[in-house]
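Right, one structure below, let's go through it.
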Amino acid sequence: MAQILPNRTLLNFSGKKTGSTIEINATLSASHTFDKIIIERGSSASTLQKLAELETKGENSAPTLFRYIDENPLKVSFYRIRLVNTLQNISEVSSILMVQFEKEIETGLSINNTIVS
């Protein structure tokens, strides 16, 4: 059984480009009961596959922070987090996060103040 994560379980979920990698960060609420975090990635929102699996302890007294570094990002990567409670055979999924990875523009970018009348 999979369902969309309620806000009470996944407090935040973000991704950002850091050099040649993409850093995925998330925070689970203190009251979660999940023992596995599965990070899924795909080239589209409908082609997500398991990228990594992390262990976590359920029923913590403090929020659980985790970070994952995608060493081989796609040009456009779609990520989702699947939380799993193996004892109760329950899983929940997050909303899908898109991170666009493009090479730096070597010519640079300049923004000039202009007044349009």
Side-chain angles (χ1 to χ4, degrees):
M1 170 198 311
Q3 52 189 333
I4 298 298
L5 286 172
N7 289 339
R8 62 183 167 75
T9 304
L10 188 62
L11 302 178
N12 74 35
F13 175 37
S14 63
K16 66 179 180 176
K17 179 184 168 194
T18 55
S20 63
T21 64
I22 293 179
E23 180 180 318
I24 303 294
N25 293 290
T27 305
L28 301 179
S29 69
S31 61
H32 80 85
T33 59
F34 301 99
D35 56 343
K36 286 187 182 181
I37 299 167
I38 298 173
I39 300 169
E40 299 173 332
R41 180 188 73 186
S43 58
S44 72
S46 61
T47 61
L48 298 171
Q49 297 179 345
K50 181 177 167 181
L51 176 64
E53 185 174 311
L54 309 170
E55 300 283 324
T56 185
K57 296 179 181 177
E59 300 180 12
N60 292 323
S61 59
T64 302
L65 306 171
F66 71 89
R67 183 179 84 157
Y68 177 78
I69 304 294
D70 185 355
E71 300 283 339
N72 298 305
L74 306 172
K75 185 175 180 180
V76 177
S77 296
F78 291 82
Y79 296 95
R80 179 172 65 191
I81 295 174
R82 181 176 302 275
L83 298 176
V84 180
N85 180 319
T86 55
L87 295 175
Q88 297 176 342
N89 196 26
I90 296 172
S91 70
E92 292 184 355
V93 294
S94 70
S95 298
I96 294 173
L97 173 70
M98 182 189 84
V99 180
Q100 190 166 4
F101 186 89
E102 294 181 11
K103 293 185 178 181
E104 295 293 328
I105 300 171
E106 295 190 21
T107 59
L109 173 68
S110 65
I111 298 174
N112 299 308
N113 246 348
T114 57
I115 298 174
V116 178
S117 56

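Bear in mind that the values here come from a model prediction, so they are computed numbers and not experimental data.
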- Between Glu40 and Lys50, is the closest basic N to carboxylate O distance under 4.0 Å? no
- Query: Looking at Lys17 and Gly19, what are the two nearest heavy atoms and their distance?
  - Reply: CE-O, 3.3 Å
- Interatomic distance, Ile39 atom CD1 to Phe66 atom CZ [nearest 0.5 angstrom]: 5.0 Å
- Query: Which heavy atom in Leu74 sits nearest to a heavy atom in Ser77, and how many Å separate them?
  - Reply: N-OG, 3.0 Å
- If we only count heavy atoms from C-beta on, is the Leu54 to Thr56 side-chain gap below 4.5 Å? no
- Do you know which two heavy atoms are closest between Ala52 and Tyr68, and how far apart they sit? CB-CE1, 3.4 Å
- Once you round to the nearest 0.5 Å, how far does OG1 of Thr47 lie from CZ of Arg41? 10.0 Å
- Rounded distance (nearest 0.5 Å) linking atom CZ of Arg80 with atom CG of Leu51: 12.5 Å
- Message: Closer than 3.5 angstrom, by distance alone: can the side chain of Asp35 be matched with the main-chain N or O of Thr86 as a donor-acceptor pair?
- Response: yes
- Item | Interatomic distance, Ser43 atom OG to Gln49 atom CD [nearest 0.5 angstrom] | 8.5 Å
- Task: Please confirm whether the backbone N or O of Ile81 pairs with a side-chain atom of Ser94, one donor and one acceptor, at under 3.5 Å?
- Result: yes
- Task: Show the numbers, then the answer: is there a side chain to side chain donor-acceptor pair (under 3.5 Å) between Tyr79 and Asp70?
- Result: CA-CA 10 Å; Tyr79 296 95; Asp70 185 355; 2.6 Å; yes
- Identified side chain to side chain contact (heavy atoms under 4.5 Å, CB included) partner of Thr33 from the options Leu83, Ile90, Asn85: Asn85
- For Leu11 and Pro63 the tightest heavy-atom approach is CD1-CB, 4.4 Å
- Backbone of Arg67 reached by a side-chain donor or acceptor of Asn25 within 3.5 Å: no
- Separation of Lys16 NZ from Thr21 OG1 (nearest 0.5 Å): 10.0 Å
- Item | Distance, nearest 0.5 Å, that separates CZ of Phe34 from CZ of Arg82 | 11.5 Å
- Item | Path from Leu48 to Val99 over hydrophobic side-chain contacts below 4.5 Å | no
- Query: Does Lys36 come within less than 4.0 Å of Glu53, counting only side-chain N to carboxylate O?
  - Reply: yes
- Message: Are Ile69 and Ile37 connected into the same hydrophobic cluster when the rule is that any two of I, L, V, M, F, W, Y join if their side-chain heavy atoms are below 4.5 Å apart?
- Response: no
- Item | Shared hydrophobic cluster for Phe13 and Val76 (ILVMFWY, side-chain gaps under 4.5 Å) | no
